[in-house]
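No hydrogens, no waters, no symmetry mates; every other heavy atom, side chains included, goes into these values.
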Amino acid sequence: MIKHFLLVLFFCFCLETVSAQNGNFSFVFMTDMHLRPDPVVEKAFNKVVQRIEQIKPDFVLSGGDQIFDIMRGNRAKGDSLFTYYLSQTRRFKVPVYNCVGNHDLFGIYEESPEDSSHPDYKLGMFKRYFGDPYYSFDHKGWHFIVLNVLDVDNYKYIGRVDEGQLKWIKNDLSSVKPETPVVVVAHIPLVTTYHDLYPPQNGYLSQPPVSNRNEVLTLFKDHNLKFVLQGHIHWFEDLNIAGKTHYITGGSIAGRPSWRGNTHGSRGFLKFNVSGGEATYEFVSYEDKD
């Protein structure tokens with residue numbers, strides 16, 4: 001009798017553990033905030049904060065371009081912008097996981113007063129405020145990977161994942177069970193139709209926006225990659241590839257052109273509702289209500 005009772009207790013404990021690991025939760029993905037101390041920006045972002053307070057997500061994922069902008073250098077300006085960004089996003093009152101965007105790269109343009117010898121160059125300032133530009137974390141049975149898909153070549157940003165990060169991804173995934181739901185965050189889209197619909201003036205791209213994206217995605221072929229959440233181009237699309245992975249470019253907070261219009265749809269963000277190993281999402285336009 002006692003043995004049977006102990007087995008029942010053990011079974012209940014296991015159920016509670018599984019439930020805790022794969023429980024229901026919500027998170028928000030927002031990208032391209034382009035925050036700066038400007039009355040127009042502040043008024044709009046107050047609406048974003050109000051919506052987040054209503055949703056009460058477990059956390060927020062930022063898809064990059066937190067600020068606008070530090071590619072032309074000026075350390076004092078960069079510090080003021082990142083400090084401002086942190087003061088604004090603390091108002092969410094939940095953890096915020098940040099992905100590096102091109103506008104978050106310090107002093108990469110030729111006209112920058114600082115050069116590549118400066119400790120804040122490229123990723124240096126981002127690291128000072130947010131830590132590693134690529135990392136992972138787990139939440140209630142889901143695995144989240146935030147990537148840095150940006151590099152610099154000849155005073156321009158480019159889409160590329162370096163060799164060190166590729167090795168890191170492989171090592172990170174080695175401890176993730178194949179059935180575990182995985183979410184990847186990347187600023188420049190790994191997969192998008194944007195340039196098919198809006199080709200560059202000089203013709204189609206000769207390679208994907210992230211040049212070695214195929215090498216990156218191959219690392220996930222034996223894993224349960226549910227979502228790749230992307231930004232950069234300030235428009236919304238959802239590509240369901242092979243009925244397995246949704247490549248979602250999440251619109252933008254700032255609109256297009258930045259803070260001056262909504263060429264590719266409403267300004268907003270994505271709210272995800274997770275239940276066990278599945279998730280649904282909706283686009284939330286913070287402009288719907290004044």
Side-chain angles (χ1 to χ4, degrees), residues 27-36 38 40-41 44-45 47-48 51-52 55 60-69 71 85 97-105 146-150 156-161 183-211 213 216-217 225-241 245-272 279-289:
F27 69 90
V28 160
F29 174 67
M30 61 175 63
T31 187
D32 296 86
M33 292 183 235
H34 287 214
L35 287 188
R36 60 182 186 269
D38 174 280
V40 172
V41 177
F45 199 71
K47 296 181 181 180
V48 176
R51 289 300 181 90
I52 298 299
I55 292 170
V60 171
L61 295 172
S62 172
D65 281 2
Q66 279 74 222
I67 61 171
F68 189 84
D69 116 322
M71 292 192 291
Y85 170 79
Y97 297 95
N98 297 290
C99 176
V100 64
N102 53 289
H103 289 296
D104 308 318
L105 299 177
V146 179
L147 297 180
N148 167 34
V149 296
L150 289 156
K156 296 178 181 179
Y157 70 85
I158 58 173
R160 181 172 62 197
V161 176
V183 177
V184 167
V185 180
H187 181 62
I188 296 178
L190 296 177
V191 177
T192 179
T193 63
Y194 181 81
H195 295 293
D196 294 316
L197 298 173
Y198 303 98
Q201 293 182 354
N202 59 349
Y204 284 90
L205 296 177
S206 59
Q207 60 187 15
V210 177
S211 61
R213 65 100 185 270
V216 175
L217 294 177
L225 182 57
K226 288 287 192 180
F227 298 101
V228 177
L229 305 180
Q230 314 170 137
H232 188 55
I233 50 181
H234 295 221
W235 83 325
F236 171 64
E237 72 176 342
D238 181 353
L239 304 176
N240 183 358
I241 307 299
T245 304
H246 285 262
Y247 293 79
I248 305 177
T249 309
S252 72
I253 296 297
R256 185 185 182 100
S258 180
W259 297 112
R260 299 192 303 278
N262 49 13
T263 301
H264 292 316
S266 298
R267 298 171 179 146
F269 56 85
L270 307 181
K271 174 195 173 187
F272 285 79
T280 59
Y281 77 91
E282 61 181 299
F283 184 89
V284 178
S285 175
Y286 66 82
E287 297 180 301
D288 289 345
K289 299 178 182 179

Nearest-0.5 Å distance, [atom1] of residue [X] to [atom2] of residue [Y]:
X    : Y    : atom1 : atom2 : answer
H232 : T31  : NE2   : OG1   : 10.0 Å
K271 : T280 : NZ    : OG1   : 8.5 Å
N102 : F68  : CG    : CZ    : 9.5 Å
L229 : L270 : CG    : CG    : 7.0 Å
I253 : D65  : CD1   : CG    : 12.5 Å
W259 : D38  : CH2   : CG    : 9.0 Å

ask   = Hey, what's the ring geometry for F236 with F283, parallel, tilted or perpendicular (30° and 60° as the breaks)?
value =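 Aromatic pair F236/F283 classed tilted.
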query = Aromatic rings H264 and Y198: how do their planes relate, parallel, tilted or perpendicular, breaks at 30° and 60°?
reply = tilted
query = Between M33 and V48, does a side chain to side chain contact (heavy atoms under 4.5 Å, CB included) hold up when you go through it step by step?
reply = CA-CA 10 Å; M33 292 183 235; V48 176; over 6 Å; no
Nearest non-hydrogen partners of [X] and [Y], listed with the distance:
X    : Y    : value
S285 : S266 : OG-CB, 3.3 Å
P189 : I233 : CG-CD1, 4.0 Å
V149 : A186 : CG1-CB, 3.8 Å
H234 : A254 : CE1-CB, 4.4 Å
I188 : G159 : CD1-CA, 4.0 Å
G231 : T249 : O-CG2, 3.8 Å

ask   = Taking atom types as modelled, is there a side-chain donor on T192 or Q230 under 3.5 Å from an acceptor on the other?
value = no
request  = Answer whether the closest heavy-atom distance between the side chains of L217 and V191 falls below 4.5 Å.
outcome  = yes
inquiry  = Working note: V60 + F269, criterion side chain to side chain contact (heavy atoms under 4.5 Å, CB included); need CA distance, chi angles, decisive distance, verdict.
reply    = CA-CA 10 Å; V60 171; F269 56 85; over 6 Å; no
query = Ring centres of F29 and Y281 under 6.0 Å apart?
reply =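 Between F29 and Y281, the centre distance exceeds or equals 6.0 Å.
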request  = State whether the side chain of H187 and the backbone N or O of G63 hold a donor-acceptor pair below 3.5 Å, judged by distance alone.
outcome  =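 Checked: pair present.
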task = Taking salt bridge (charged side-chain N to carboxylate O under 4.0 Å, His left out) as the test, write out the residues that go with R36, two or more places apart.
result =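 Salt bridge (charged side-chain N to carboxylate O under 4.0 Å, His left out) list for R36, sorted by chain: empty.
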